[in-house]
Amino acid sequence: MTVFDVAVWRDGKVRMLDQRRLPGEEIYHDYDSAFEVAEAIREMVVRGAPAIGCAAAFGMAVEAFRLARIGPVSDWIAAMTPAVERLRHARPTAVNLVWALERLKPLLSGEPGEVPMRLLQEAEAIHREDIASCRAMGAAGAALLSRPASGRPLSLMTHCNAGALATAGYGTALGVIRAARERLGEVVVYATETRPYLQGARLTAWELRRDGFDVTLMTDSMAGHAMSRGLVDAVVVGADRVAANGDVANKIGTYVHAVLARRHGIPFLVACPLSTIDLATATGAGIPIEERAAEEVTHVMGRRMAAEGVKVFNPAFDVTPAELVTALVTERGVVHAPDALRVRALFES
């Protein structure tokens with residue numbers, strides 16, 4: 001499997017693969033402050049909920065080392081608050097970002113001289129744990145899948161990018177797809193292009209081809225036709241936030257695919273780590289939905305494709321009701337027909 005330095009610690013800085021430049025160029029940038037990391041998150045140099053969480057954690061560590069170089073810090077909580085707040089508001093929907101910040105904040109207390117290294121060690125632990133959780137999710141999700149009775153290869157559809165590029169490595173939805181190939185042999189993948197930012201076309205199709213998958217790219221609006229023709233055995237997607245009742249926020253268009261999957265009797269699986277489940281948000285109605293720049297819809301490769309003056313509605317995410325989710329696949333197990341009781345039980349096991 002191809003390994004990417006999506007958001008890692010290198011030589012005292014945070015190194016990120018600039019995913020805006022893919023698939024044409026593989027360019028890495030190094031950041032040495034939390035404010036630079038926050039801007040990189042906001043501008044989608046790094047994207048995908050788990051990867052954003054890793055980037056935010058490393059952003060806190062690099063900021064602490066930067067402040068320590070300037071001079072002794074006696075009150076780390078006060079010194080780090082501006083950086084924490086800038087990171088917190090970099091992107092509103094992916095809950096892993098806030099989860100990572102809250103996990104590191106207690107480390108600001110204690111012996112001042114040890115704070116930077118403690119933050120770095122915890123950020124590296126988050127990175128390692130994400131890879132392990134993705135592999136556990138992959139195995140759990142693959143166990144739900146089987147080859148068709150006809151003996152043809154299993155055919156899966158995915159939306160957006162929930163692979164190695166969206167995580168510390170291996171992937172959530174693509175982790176399930178990778179594990180399915182390891183378990184069942186050849187797997188055919190249909191990747192939707194994923195409007196408005198084309199992450200399915202630019203990232204998922206590219207990532208899967210690099211790993212030797214039989215992958216077919218299609219527009220988002222072709223999914224229903226493909227399902228009606230019997231081309232899709234299951235849909236596997238990731239998530240940016242899952243509410244306490246099992247409602248799922250994911251890249252815009254996910255809701256449509258879930259409705260179509262239900263109409264055609266196709267399993268709809270959502271792969272996500274526990275860090276993506278937000279028990280503090282009761283339902284999907286409480287999940288903030290990021291709206292992005294109009295140019296992401298009106299322009300392609302810097303060239304205007306829409307009429308001047310046209311209004312643009314450009315939410316980056318939508319919410320799929322839990323009733324349309326066949327199963328949530330996590331590192332701690334599978335939740336079939338998710339609801340508030342079943343989701344909470346994950347945290348009590």
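Since the model is a prediction, treat every value here as computed from it, not as a measurement. FYI, side chains are in, hydrogens and waters are out, and symmetry mates aren't considered; it's all heavy atoms of this structure.
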Derivation of the side-chain contact (heavy atoms from CB on, under 4.5 Å) call for Thr330 and Thr276: CA-CA 10 Å; Thr330 78; Thr276 300; over 6 Å; no
side-chain contact (heavy atoms from CB on, under 4.5 Å) assessment of Leu208 paired with Leu174: CA-CA 8 Å; Leu208 290 174; Leu174 295 197; 4.1 Å; yes
Worked check of side-chain contact (heavy atoms from CB on, under 4.5 Å) between Val256 and Asp220: CA-CA 9 Å; Val256 174; Asp220 296 359; over 6 Å; no
Derivation of the side-chain contact (heavy atoms from CB on, under 4.5 Å) call for Val242 and Val95: CA-CA 9 Å; Val242 177; Val95 74; over 6 Å; no
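With salt bridges taken as basic N to acidic carboxylate O contacts below 4.0 Å, none links Arg210 and Glu207. The residues Arg20 and Asp18 are annotated as salt-bridged, a charged nitrogen and a carboxylate oxygen being separated by less than 4.0 angstrom. Salt bridge absent: Glu36 and Lys13 never bring a charged side-chain N and a carboxylate O closer than 4.0 Å. Salt bridge status for Glu122 with Lys105: absent, with no side-chain N to carboxylate O gap under 4.0 Å. Salt-bridge check for Arg181 with Asp214: failed, with every basic side-chain N at 4.0 Å or more from each acidic carboxylate O.
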Identify every side-chain donor-acceptor pair in residues 109-116 under 3.5 Å, counting partners at least two apart or on other chains, and give the distances.
from, atom 1, to, atom 2, distance (Å)
Glu114, OE1, Arg118, NH1, 3.3

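Cluster membership check: Leu120 shares its hydrophobic cluster with Leu87, using side-chain heavy-atom separations under 4.5 Å among Ile, Leu, Val, Met, Phe, Trp and Tyr.
Using cut-offs of 30° and 60° on the angle between ring planes, the pair His127 and Phe58 is tilted.
Within 6.0 Å of atom CZ in Arg303, 12 or fewer heavy atoms from other residues, nucleotides or ligands are found, so the atom counts as exposed in its surroundings. Crowding of Tyr255 atom OH: a count of heavy atoms from other residues, nucleotides or ligands under 6.0 Å not exceeding 12.
A donor atom on one side chain and an acceptor atom on the other are found under 3.5 Å apart for Asn96 and Ser275. For the 3.5 Å distance criterion, the side chains of Asn161 and Arg202 fail to qualify, holding no donor opposite an acceptor.
Annotation: cation-pi pair Arg135/Tyr170 present, NZ/CZ under 6.0 Å from the ring centroid and within 45° of its normal.
Residues Thr254 and Cys160 fail the side-chain proximity criterion, which asks for heavy atoms closer than 4.5 Å. Thr192 is not listed as a side-chain neighbour of Thr204, based on a closest heavy-atom distance of 4.5 Å or more. Here the side chains of Phe268 and Val270 are in contact, with some heavy-atom distance below 4.5 Å. Between Ile252 and Phe317 there is no side-chain heavy-atom pair separated by less than 4.5 Å.
With Arg47 as reference, Leu165 is the one residue of Asp240, Val6, Leu165 to meet the side chain to side chain contact (heavy atoms under 4.5 Å, CB included) rule.
Residues that satisfy the salt bridge (Lys or Arg N to Asp or Glu O under 4.0 Å) test with Glu290, not counting sequence neighbours, are Arg91, Arg292.
Val235 approaches Ile266 most closely through the heavy-atom pair N-CG2, 4.1 Å.
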